[in-house]
Amino acid sequence: MPQPKSKKSVGLGNTLMNDRFGKGKGSDRKKAQGVIRTNKETGEEYITSDKQEASWVKMRSVTEQGSLDEFLATAEIADTDFTAEKANNVKIIQIDQKNPYLLSAAEERIVMGKQLENRAKLTVPRRPKWDSKTTPKELDRLEKESFLDWRRGLAELQETQDLLMTPFERNLEVWRQLWRVIERSDVVVQIVDARNPLMFRSEDLEQYVKDVDQRKQNLLLINKADMMTYTQRKAWADYLKGANIAYKFFSAALAKEEIDARAELKEQNGAEASGESSLVQKEEARPSKDESEPSDGDEEEEEEEDETTHILNIEELEQLFLQYAPKDAGPDRKLQVGLVGYPNVGKSSTINALIGATKVSVSSTPGKTKHFQTIHLSDKIILCDCPGLVFPNFASTKAELVCNGVLPIDQLREYSGPATVVARRIPQRFLEALYSIQIRLRPIEEGGTGIPSSEELLSSYARHRGFITQGFGQPDQARAARYILKDYVAGKLLYVMPPPGDFDPKEFNAELYDMAHMPEKRQQAFAAAMDALAIEEDLEEEALLSADVVPLPQGAKSKRIDKAFFKPGDRNAGHMALPFNSKYNDQNVAAILSGKQPTGRKLRLALAAEHGIDPKEVQMMAGKKHFKGGRLPKGKLRAQNKTVDDD
Ligand SMILES: Nc1nc2c(ncn2[C@@H]2O[C@H](COP(=O)(O)OP(=O)(O)OP(=O)(O)O)[C@@H](O)[C@H]2O)c(=O)[nH]1
């Protein structure tokens with residue numbers, strides 16, 4: 001008779017069980033993915049994967065699995081019974097010691113070479129052939145088999161080639177949704193993020209679409225194109241044309257702005273808005289193709305704006321879809337447009353823009369849309385929205401995956417790799433101006449590189465935000481990383497990957513770090529601080545206010561600003577007094593602009609910037625203290641009508 005085990009005994013089995021089901025959770029166990037069953041004859045407990053899961057559990061996106069989960073899931077798909085054989089075939093796997101979060105330039109080249117060789121093996125799972133004679137049970141088995149084969153193939157690729165891959169979707173139910181979307185769509189639109197279009201593109205998906213039916217079409221929709229400069233769009237357009245890839249630039253954010261602007265105009269015009277006038281408004285709200293770039297006198301850029309670099313508006317996108325309508329279809333048949341893409345690329349935003357209302361909720365948490373849904377857009381178009389899913393693709397590092405928004409930031413444990421990527425990509429001056437922090441670098445003579453390390457960036461940010469760890473009272477770098485990485489993913493810290501070819505990434509992105517790329521409030525705070533420091537005469541006021549072309553201060557000028565900005569403060573010995581942190585921070589400027597605090601002369605530039613008025617005029621009219629009713633009235637006219645308190 002085996003001795004009953006001590007309750008305190010520990011071992012691998014217990015650890016796995018605790019890990020999987022939680023310690024002492026009793027009946028809570030069933031809530032976990034697996035289920036404990038009892039063998040009626042022997043009374044022994046064993047683990048089995050649960051087949052009676054609720055449908056929402058089935059649809060849960062699975063991208064990263066622990067080894068036990070992976071083992072059980074595979075066993076379930078394979079419909080396999082398994083028994084553990086003690087001391088049999090136990091293989092100790094040496095875990096790679098090198099940091100998967102970052103690579104040196106040389107390592108990256110090697111990895112890229114290997115990736116290129118193995119590209120063709122990056123497939124999406126195929127739905128097995130079936131016809132009217134195939135029973136649902138049979139089809140289910142065939143699908144599971146085919147899916148298992150696919151997973152085995154990818155696992156082998158990962159192991160034998162030692163390549164890092166995206167945490168691709170491992171839940172068969174999610175792929176089943178994709179199969180259905182492809183089967184019913186006339187055109188499959190892959191939505192990708194403009195900051196790294198190739199990373200989010202699955203080549204094999206396009207092949208699969210054609211395999212299902214040659215008549216089906218593919219389109220690469222490069223969303224978030226508002227994040228790119230014209231030059232960047234041009235470079236990508238040249239590459240994509242050269243590679244014979246059907247693409248279009250789009251921006252759900254711009255489309256939404258346009259819809260909102262139209263609604264506002266319509267409201268203003270009230271009941272008068274006839275069909276004709278709303279057409280005029282539409283024209284006004286969005287500049288025509290030739291005007292769509294801001295006119296800053298740079299004629300070279302403006303002249304070249306054309307079809308290939310144009311960002312489609314919502315009507316143009318709808319028109320484009322209609323071009324894919326099957327020629328042989330009857331008049332009553334609606335065009336079916338399938339929308340697929342990674343989580344967070346902006347599918348919901350695109351659909352929202354298309355339907356012009358917020359029926360699908362939007363957030364920056366990846367992986368929200370779970371079931372595919374059909375939306376009758378018009379009497380001609382049906383949209384099929386597939387859940388966001390991660391396609392198998394190679395990734396050079398995990399840091400890259402985090403920065404691309406593929407791995408969720410809130411669950412991140414290792415943050416220094418992704419933070420290093422941000423510190424390397426975004427110029428120090430931009431980070432400092434954006435966050436109103438000063439990043440102190442280790443001098444080059446002492447081994448510094450001239451670029452902030454993740455620690456230097458994160459601790460400056462944490463210190464200035466007052467993020468301190470409990471216990472030792474150190475700057476809370478992990479918390480700082482979460483904020484900074486979310487800003488990066490959201491595009492507040494911008495970096496666009498250049499297309500393959502001879503591009504210097506720094507040069508490619510240089511235009512993204514001027515004043516115009518600062519958030520509006522920051523621009524105002526910056527202008528106010530300049531004014532306060534009485535150095536605005538150095539920067540032409542006009543340029544400062546238009547903010548389209550104002551670079552961040554450089555060289556001697558920047559040193560002067562820094563000196564004034566970062567002089568030691570009286571309030572907090574050891575801390576630095578910062579212009580945006582103290583008197584002229586976002587909240588204060590906002591409060592002043594909304595009239596909750598008296599306006600000083602020092603903030604006139606900010607006010608002028610907000611209301612598009614010549615600062616001299618504001619100065620003249622503002623008199624000494626503050627504006628009546630708090631807010632500066634909108635527009636020059638009302639301002640001239642002396643709605644200003646002259647006390
Ligand atoms: N700047 C910019 N941001 C965008 C654009 N489109 C979407 N976003 C932002 O990107 C984030 C993700 O957008 P969603 O529309 O929720 O993405 P999704 O692909 O539907 O995500 P899932 O529901 O997870 O599949 C949100 O924070 C959006 O505000 C765009 O054109 N420009």
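Note: hydrogens, waters and symmetry copies are ignored here, and every other heavy atom, side chains too, is used. The structure presented is a predicted model; accordingly, all values stated were derived computationally and were not measured. All ligand and atom numbering here is 1-based and tracks the order in the structure.
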### Message
Under a 3.5 Å distance rule, please check whether S185 uses its side chain to pair with a backbone N or O of G338 as donor and acceptor.
### Response
yes

### Task
May I ask which of A253, A194, A490 has a heavy atom nearer to atom 30 (C) of ligand 1 than the others do?
A253

### Query
Given K492, K256, R195, K224, which one has a non-hydrogen atom that is nearest to atom 5 (C) of ligand 1?
K224

### Task
Would you tell me whether H517 and E511 have side-chain atoms, one donor and one acceptor, within less than 3.5 Å of each other?
no

## Note on the structure
For G388, the ligand 1 atoms with a heavy-atom partner under 4.0 Å come out as 25 (O)

### Task
Check ligand 1 against A252 and write out every atom of the ligand that is under 4.0 Å from a heavy-atom position of the residue.
6 (N), 30 (C), 31 (O)

### Query
Should you measure from each heavy atom of M227, which atoms of ligand 1 turn up under 4.0 Å away?
1 (N), 2 (C)

### Query
Which of the atoms in ligand 1, numbered in the order shown and given with their element, are less than 4.0 Å from a heavy-atom of D226?
1 (N), 2 (C), 30 (C), 31 (O), 32 (N)

### Message
Once you restrict to heavy atoms under 4.0 Å, what part of N344 touches ligand 1? Side chain, backbone, both or neither.
### Response
both

### Message
If you count every heavy atom of other residues, nucleotides or ligands that lies below 6.0 Å from E203 atom CD, does the total exceed 12?
### Response
no

### Message
Donor-acceptor pair, distance only, cut-off 3.5 Å: does the side chain of R126 make one with the backbone of V124?
### Response
yes

### Query
Centres of the W175 and F168 rings: under 6.0 Å?
no

### Query
Heavy atom under 4.0 Å from ligand 1: found in L254's side chain, backbone, both, or neither?
neither

### Query
So, Y483 versus F467, ring centres under 6.0 angstrom or not?
yes

### Query
Above 12 or not: heavy atoms from other molecules or residues under 6.0 Å from CD of E264?
no

### Message
Only heavy atoms of S251, strictly under 4.0 Å: list the atoms of ligand 1 that pass.
### Response
31 (O)

### Task
Pick whichever of G491, S348, S349 has a heavy atom sitting closest to atom 13 (O) of ligand 1.
S349

